[in-house]
Amino acid sequence: MQVYRRDTAQEAGRDGAIRGAEAIRKAIASKGKAAIILATGASQFDLLAALVELPGIDWSKVTAFHLDEYIGLPESHPASFRKYLKERFLAKVPDLGRFVFVEGDAAYLEGELARLGNAIVRDPIDVAFVGIGENGHLAFNDPPADFEIETPYIVVELDEPCRRQQMGEGWFATLDDVPARAVSMSIRQIMKSATIICTVPDARKAPAVKACLEEPVSNLRPASILRDHADAHLYLDAASASLLSSSSTGT
C-alpha cells in the first residue's frame, strides 16, 4: 500500500479523487465500462466533491456500488447513507449508468443480501473508494472483523466505538439513536477491487491510522488488511498522519 501525506483534508481528497478517476478512465478505455464502490461519512466529503468535478469520465458507462447501510433506517433519515450518496454524488452525475444501493430497510433482508451479491459478482470492481473508522474498521467491519467470509454483503453488529463515531460526527443526537446493526460489504469483497483509494483525514483518525500502518496486520485492526493489497493508496492529511513514525509518512 502506498501512503500519501497532504497538508489538508481538501488536498488529500482531491488527490485521491484524481488517482481514482484515472483508474476509472483506464477501465472504460480497456473494457468499455467500469464499476466502483463508494463510501460515505465525513471522511469522504472532499473526495466526492472533487471526483464529480473531474473531467473525462463517461459516467454513463459506470456502475456504482454502495459500501454499507444501517439496518432499519429509512432513506429519509438524515444519517441514511443512501440519502448521503444521492445528494453528494448521484445528483452531481445524473448520467451515471447504474447505482446499486443497499436497502437496509428492506422487508426481507436475506433477499436483499442475495440481490446485492448477485449484482456485484456480475460487475467486478475496478476502483473502491473507502475510509478507515476511528476503531480501525473498514466499511462497517468492526474489530474483530471476519477476514475469511466470501459472501459479498453481510449483516454486522456495530460496536460502541463505531456507534460513538457516528454520533460524534453529528449524524445522530444520542448513542441510543445509532442502529446496532448494518449491512456491510465484506472484507474479502472489498479486497477483490482492482484499485483501492482510502482517504482518511482528521486528527481523531490518527490513532487508527498509526495502528493500521505500524502494527501487524490483524482483524483487530481491520483496515490493516489494505497493506496486503497490490494497488491500494492511502491519502492522509497532516492531522491524521500526526502520530506516524517518519518511516510511515509516505510521500
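Keep in mind the model is a prediction, meaning the values are calculated, not measured.
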To check you understand the geometry: which heavy-atom pair defines the closest contact between [X] and [Y], and what is its length?
X      : Y      : answer
Pro161 : Asn135 : CB-CB, 4.1 Å
Met191 : Asp228 : CE-C, 4.2 Å
Ser186 : Ile154 : CB-CD1, 4.3 Å
Pro201 : Ala9   : CB-CB, 3.6 Å
Arg227 : Val217 : CZ-CG2, 3.8 Å
Pro124 : Ala35  : O-CB, 3.5 Å

Please round to the nearest 0.5 Å and tell me the distance separating atom [atom1] of [X] and atom [atom2] of [Y].
X      : Y      : atom1 : atom2 : value
Asp146 : Thr151 : CG    : OG1   : 8.5 Å
Leu51  : Asp46  : CG    : CG    : 12.5 Å
Lys192 : Met185 : NZ    : CE    : 10.5 Å
Phe45  : Thr199 : CZ    : OG1   : 13.5 Å
Thr63  : Arg98  : OG1   : CZ    : 6.0 Å
Gln44  : Leu85  : CD    : CG    : 9.5 Å

Would you say NZ of Lys33 has more than 12 non-hydrogen atoms from neighbouring residues, nucleotides or ligands within 6.0 angstrom?
no

Determine whether a donor-acceptor pair (N or O, by modelled atom type, separation under 3.5 Å) exists between the side chain of [X] and the backbone of [Y].
X      : Y      : value
Arg221 : Cys212 : no
Tyr235 : Val200 : no
Glu69  : Phe81  : yes
Ser193 : Thr195 : no
Asn219 : Pro222 : no
His233 : Gln2   : no
Asn118 : Ala114 : yes
Asp105 : Gly72  : no
Arg163 : Leu175 : yes
Lys205 : Ile132 : yes

Flag side-chain contact, heavy atom, 4.5 Å: [X] against [Y]:
X      : Y      : answer
Ile71  : Pro179 : no
Leu47  : Ile197 : yes
Glu169 : Gln165 : yes
Val155 : Leu109 : yes

Is [X] salt-bridged to [Y], going by a charged N under 4.0 Å from an acidic O?
X      : Y      : value
Arg82  : Glu87  : no
Lys83  : Glu75  : no
Arg115 : Glu112 : yes

Testing the 3.5 Å rule here: is there a donor-acceptor pair between the side chains of Asp176 and Thr174?
no

Which residue in the set Lys26, Lys31, Lys61 passes salt bridge (Lys or Arg N to Asp or Glu O under 4.0 Å) when paired with Asp126?
Lys31

Quick check with a 6.0 Å cut-off and a 45 degree axis cone: is Lys86 positioned over the face of Phe101's six-membered ring?
yes

Out of the candidates Phe172, Tyr70, Trp171, only one should pair with His77 under the ring-ring contact (aromatic ring centres under 6.0 Å, His included) rule; please name it.
Phe172

Quick check on ring-ring contact (aromatic ring centres under 6.0 Å, His included): which of Phe129, Trp59, Phe65 does Phe89 satisfy it with?
Trp59

Criterion side-chain contact (heavy atoms from CB on, under 4.5 Å) against Asp68, the qualifying member of Val183, Val102, Thr40:
Thr40

Do Leu234 and Leu243 share a hydrophobic cluster (ILVMFWY, side-chain heavy atoms under 4.5 Å, transitive)?
no

Should Phe147 and Leu220 be regarded as members of a common hydrophobic cluster, given that ILVMFWY residues are connected when their side-chain heavy atoms come within less than 4.5 Å of each other, either directly or indirectly?
no

Assess the residue pair His229 and Asp231 against the criterion (side chain to side chain donor-acceptor pair (under 3.5 Å)); give the C-alpha distance rounded to whole Å, side-chain angles, the decisive distance to 0.1 Å, and a yes or no.
CA-CA 6 Å; His229 192 277; Asp231 192 31; over 6 Å; no

Just do the side chain to side chain donor-acceptor pair (under 3.5 Å) check on Ser245 and Glu214 with the steps written out, would you?
CA-CA 8 Å; Ser245 65; Glu214 297 183 356; 3.0 Å; yes

